[in-house]
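In what follows, a structure is listed as structure tokens, so that the remarks can point back to it.
All figures in this text were calculated on a predicted structure; none of them were measured in a lab.
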Amino acid sequence: MSLLDMFRRDASSDSEEAGDRPTRSPSGFDLTPPAPDERERLEADLSPEEKRVLLQHGTEAPFCGGLLNNKQPGVYCCRECGLPLFRAATKFESGTGWPSFTAPIDETHVRAVTDRSYGMVRTETRCARCDSHQGHVFPDGPAPTRLRYCINSVSLSFVADGQPLPDPLGRGDSLSSELG
């Protein structure tokens, strides 16, 4: 089954219960959602623009995001909870005005949800741990996946190779060398 087929299948079950999701990803990260007090603390640390995009499913203006032209090696993590979502090696220039990636760092770190807003049907991508809005995935990317994960810069934090990952939930997760 292709990754796009997996997204279509997952997106068709919008009412997926948190209990149906794995609590640990194959790459070893704790995917347990933040507790209410943890979520409140994480959300208090967000800027107004980050809250609008991450929590209210907004979109930043194209060609304005701080990570659009970043070409450094490293990892892009969820801005809210710190879960690693994409490797810099999978980033490509799509010409759309938002950072674009061909594949997540671990398929279980990104959740697909059907988005029927604005008279369209699209596949929204959310962080699998905190459920924050990241962007959308489209079937028009380059090989090998043919997918384009179009992600808002404000939804991400960038961690350069060799730097520690953010761990705002204190879970002690880390990337293995083959993922980073």
Practice item. Answer yes or no: is there an ion pair linking D161 with R87, defined by an N-O contact shorter than 4.0 Å? Key: no
Practice item. Would you check, one step at a time, whether the test salt bridge (charged side-chain N to carboxylate O under 4.0 Å, His left out) holds for D140 with R146? Key: CA-CA 6 Å; D140 60 3; R146 302 284 181 215; over 6 Å; no
Check your understanding: Hey, what do you get for OG (S132) to NZ (K51), rounding to the nearest 0.5 Å?
Key -> 14.0 Å
Exercise for review: Would you sort out whether F86 and Y76 count as a ring pair (Phe, Tyr, Trp, His ring centres under 6.0 Å), showing the intermediate values?
Suggested key: CA-CA 5 Å; F86 301 97; Y76 293 85; 7.7 Å; no
Check your understanding: Residues in side chain to side chain contact (heavy atoms under 4.5 Å, CB included) with Q163, at least two apart?
Key -> V159, A160
Revision key, fill the gap. Rounded to the nearest 0.5 angstrom, the CG-CG distance for L83 and L31 is 6.0 Å
Exercise for review: Run through D115, T125, N152, T123 and flag the one making a side chain to side chain donor-acceptor pair (under 3.5 Å) with H136.
Suggested key: D115
Check your understanding: Should the pair E124-R122 be classified as a salt bridge under the 4.0 Å nitrogen-to-oxygen rule?
Key -> no
Revision key, fill the gap. CG (L85) and CG (L156) are apart, to the nearest 0.5 Å, by 6.5 Å
Exercise for review: Could you give me the CA-CA distance, side-chain angles and deciding distance for Y149 and Q134, then say whether side chain to side chain contact (heavy atoms under 4.5 Å, CB included) is met?
Suggested key: CA-CA 9 Å; Y149 290 82; Q134 298 294 315; over 6 Å; no
Exercise for review: Rounded to the nearest 0.5 Å, what's the gap from OG on S153 to CD on E49? Could you check?
Suggested key: 10.5 Å
Review point. Short question: side chain of W98, backbone of G135 - any donor-acceptor pair under 3.5 Å?
Key: no
Point to revise | C81 and L169: CA distance, side-chain angles, deciding distance, side chain to side chain contact (heavy atoms under 4.5 Å, CB included) verdict | key: CA-CA 7 Å; C81 75; L169 293 170; 4.2 Å; yes
Study note, to complete from the structure: To the nearest 0.5 Å, atom NE2 of H109 lies from atom SG of C127 at 8.5 Å
Practice item. Look only at the side chain of D106 and the backbone of S27, and say whether a donor-acceptor pair between them is shorter than 3.5 Å. Key: yes
Review point. When you look at E43 and L55, which way does the side chain to side chain contact (heavy atoms under 4.5 Å, CB included) test go after all the steps?
Key: CA-CA 9 Å; E43 291 174 3; L55 307 179; 3.7 Å; yes
Practice item. Kindly say whether D37 contributes a backbone atom to a donor-acceptor pair with the side chain of E40 at under 3.5 angstrom? Key: no
**Study point:** Derivation of the side chain to side chain contact (heavy atoms under 4.5 Å, CB included) call for F29 and L165
**Key:** CA-CA 12 Å; F29 283 81; L165 293 174; 4.0 Å; yes
Review point. Under the 3.5 angstrom rule, does the side chain of R129 hit a backbone N or O of D30 as a donor-acceptor pair?
Key: yes
Practice item. May I ask you to test the R79-L46 pair for a side-chain heavy-atom distance under 4.5 Å? Key: yes
Check your understanding: Do C78 and C130 have side-chain heavy atoms sitting under 4.5 Å apart?
Key -> yes
